[in-house]
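Input: a single structure, listed below in structure tokens.
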Amino acid sequence: MFESMAHWLVKTEPTVFSFDDLWNAPKRTSTWDGVRNFQARNFLRDAMKVGDAVLVYHSSVEPMAIAGVAEVVRAGYPDPTQFDRKNHHYDPKAKPETPTWFQVDLRAVKKLKRPVTLAEMKNVPELSGMMLLQRGVRLSVQPVSPEHFRWIVAAGF
DNA sequence: GCCAACGTTGGC
DNA sequence: GCCAACGTTGGC
């Protein structure tokens with residue numbers, strides 16, 4: 001079971017929702033909603049499983065960095081914001097019978113003592129294959145190899 | 001604030 | 001089904 005645990009990275013703009021917000025949420029848990037990209041949706045819907053480990057990355061902020069580690073506590077289920085007309089993420093084409101967008105629930109597990117910055121990661125040869133660091137890749141939910149995951153957690157400890 | 005890169009939409 | 005136009009992401 002443990003060996004099949006997958007590793008992920010999710011991006012968030014901390015001005016909207018930060019790792020600290022997750023850390024301070026009831027039970028340190030929150031839904032991870034609002035993803036509106038099909039490839040990311042597929043990971044949320046089909047691939048992320050309870051117990052999977054997740055790096056939480058802060059984008060569009062100084063410094064851009066991995067802020068902490070979370071775990072999946074509920075696997076993919078329909079994102080209700082797609083049906084909410086008043087929500088910024090409302091999708092008029094989505095139908096409750098056949099939801100388009102999915103979310104998971106995440107629980108904060110570990111706050112890195114030292115955020116691991118994008119600038120730092122770019123200079124680490126071992127991380128050069130990370131999807132996050134590839135030119136033009138802007139997936140907000142992406143898989144991470146166990147090696148890359150371990151390197152980052154160790155660097156931030 | 002800029003803009004490269006990418007995803008989506010819609011006319012044809 | 002092509003592809004130009006448009007919108008978004010997200011680093012710089």
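Per chain, numbering begins at 1; letters A, B, ... match sequence-line order.
- Taking the side chain as every heavy atom from C-beta outward, A:L132 and A:M121 approach each other to under 4.5 Å.
- Using modelled atom types and a 3.5 Å distance limit, the side chains of A:D52 and A:W8 yield a donor-acceptor pair.
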Sub-3.5 Å pairs of nitrogen or oxygen atoms, protein against nucleotides 3-10 of chain C:
{"unit_1": "C:dT8", "atom_1": "O2", "unit_2": "A:R138", "atom_2": "NH1", "d": "3.1"}
{"unit_1": "C:dG10", "atom_1": "OP1", "unit_2": "A:K11", "atom_2": "NZ", "d": "2.9"}
{"unit_1": "C:dG10", "atom_1": "OP1", "unit_2": "A:R138", "atom_2": "O", "d": "2.6"}

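- In this structure, A:W101 has its ring center at least 6.0 angstrom away from the ring center of A:Y90.
- Geometric assessment of A:R74 against the ring of A:Y77 yields a positive cation-pi assignment under the 6.0 Å and 45° thresholds.
- Pairs of residues two or more places apart, or lying in two chains, that qualify as side chain to side chain donor-acceptor pair (under 3.5 Å) and include a residue from residues 55-73 of chain A are A:E71-A:R107.
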